[in-house]
Amino acid sequence: MKETDKHNERIAKLTFASVYPHYVTKVESKGRSKDELHQVIEWLTGFNEEKLQLLIDEKVTFETFFERAELNKNAELIKGVICGYRIEELENPLTKKARYLDKLVDELAKGKAMEKILRK
């Protein structure tokens with residue numbers, strides 16, 4: 001799929017707190033833990049569990065969430081298709097970061113080994 005300005009704007013305005021419970025449900029329904037989810041999020045963003053909870057309580061948008069994140073230097077190794085979009089072809093930096101997170105959560109839910117998810 002081709003990204004659009006409308007799609008990019010929708011992601012920017014979406015609150016992390018509104019999506020986070022879906023991440024938890026997705027991974028737990030597939031036998032993975034909330035702790036593993038937090039490990040994946042921390043690897044990508046640098047946010048530990050305490051900081052993550054503060055961001056959830058603050059109801060930050062994805063735009064603010066990723067502005068405050070220190071993206072892992074290996075994040076560009078995250079490739080593939082997620083939600084119909086090929087990550088490496090996305091042009092909008094925020095949309096790309098959000099899709100990085102979606103891809104990592106998807107890999108965790110699919111049972112991929114943590115070492116591979118964390119691009120070690």
Side-chain angles (χ1 to χ4, degrees):
M1 273 195 283
K2 183 86 172 107
E3 67 182 306
T4 64
D5 289 340
K6 184 177 180 180
H7 172 254
N8 292 334
E9 186 178 316
R10 200 179 100 243
I11 287 176
K13 301 301 178 218
L14 199 60
T15 63
F16 180 76
S18 70
V19 177
Y20 174 76
H22 299 289
Y23 290 155
V24 173
T25 300
K26 182 174 187 170
V27 300
E28 287 183 342
S29 72
K30 298 294 184 170
R32 300 305 284 260
S33 71
K34 192 174 179 180
D35 287 340
E36 288 174 305
L37 173 62
H38 288 172
Q39 184 180 353
V40 165
I41 294 171
E42 185 170 357
W43 177 86
L44 180 64
T45 65
F47 298 141
N48 63 21
E49 195 168 339
E50 184 180 323
K51 179 64 176 172
L52 195 60
Q53 189 59 55
L54 289 172
L55 293 166
I56 291 168
D57 293 345
E58 194 180 330
K59 294 184 173 35
V60 298
T61 62
F62 266 93
E63 185 171 30
T64 301
F65 182 83
F66 281 109
E67 281 173 358
R68 295 183 187 174
E70 289 186 30
L71 213 62
N72 189 293
K73 63 182 178 3
N74 289 331
E76 73 260 1
L77 298 175
I78 303 167
K79 299 186 185 316
V81 176
I82 189 74
C83 303
Y85 295 91
R86 180 156 291 284
I87 294 172
E88 52 272 32
E89 293 175 1
L90 293 171
E91 294 178 16
N92 182 287
L94 175 61
T95 300
K96 185 176 271 197
K97 290 172 190 174
R99 294 305 180 201
Y100 282 160
L101 181 55
D102 290 341
K103 184 70 172 174
L104 295 179
V105 171
D106 192 57
E107 289 175 350
L108 183 64
K110 287 183 175 175
K112 198 169 187 179
M114 193 60 82
E115 307 82 56
K116 292 190 180 206
I117 296 170
L118 304 183
R119 303 331 196 237
K120 291 184 179 177

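Computation of the quantities below employed the complete heavy-atom set of this structure, encompassing side-chain atoms and omitting hydrogens, waters and symmetry-equivalent molecules.
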Review point. Between K112 and D106, does at least one N-O distance fall below 4.0 Å, as a salt bridge requires?
Key: no
Check your understanding: Between F65 and F16, how do the two ring planes meet: parallel, tilted or perpendicular, split at 30° and 60°?
Key -> parallel
Point to revise | NZ/NE/NH1/NH2 to OD/OE distance under 4.0 Å, E89 and R99 | key: no
**Study point:** Sub-4.5 Å side-chain heavy-atom contact between Q39 and L118
**Key:** yes
Practice item. Check whether any side-chain heavy atom of T15 lies under 4.5 Å from a side-chain heavy atom of V60, and answer yes or no. Key: no
Practice item. With the side chain counted from C-beta on, respond yes when K30 and K110 share a heavy-atom pair under 4.5 Å apart, and no when they do not. Key: no
Review point. Under 4.5 Å between any side-chain heavy atoms of L108 and M114, yes or no?
Key: yes
Check your understanding: Heavy atoms, side chains only, cut-off 4.5 Å: are L101 and V19 in contact?
Key -> no
**Study point:** CG (D5) with more than 12 external heavy atoms under 6.0 Å
**Key:** no
Exercise for review: Over all heavy atoms of both residues, which pair between V27 and S33 is shortest? Give the atoms and the distance, please.
Suggested key: CG2-O, 4.0 Å
**Study point:** pair I87-K96: side-chain heavy atoms closer than 4.5 Å
**Key:** yes
Check your understanding: Angle class for the Y85/H7 ring planes (parallel below 30°, perpendicular above 60°, tilted otherwise)?
Key -> parallel
Practice item. For atom NZ of K79, decide whether the heavy atoms of other residues, nucleotides or ligands shown that lie under 6.0 angstrom number more than 12. Key: yes
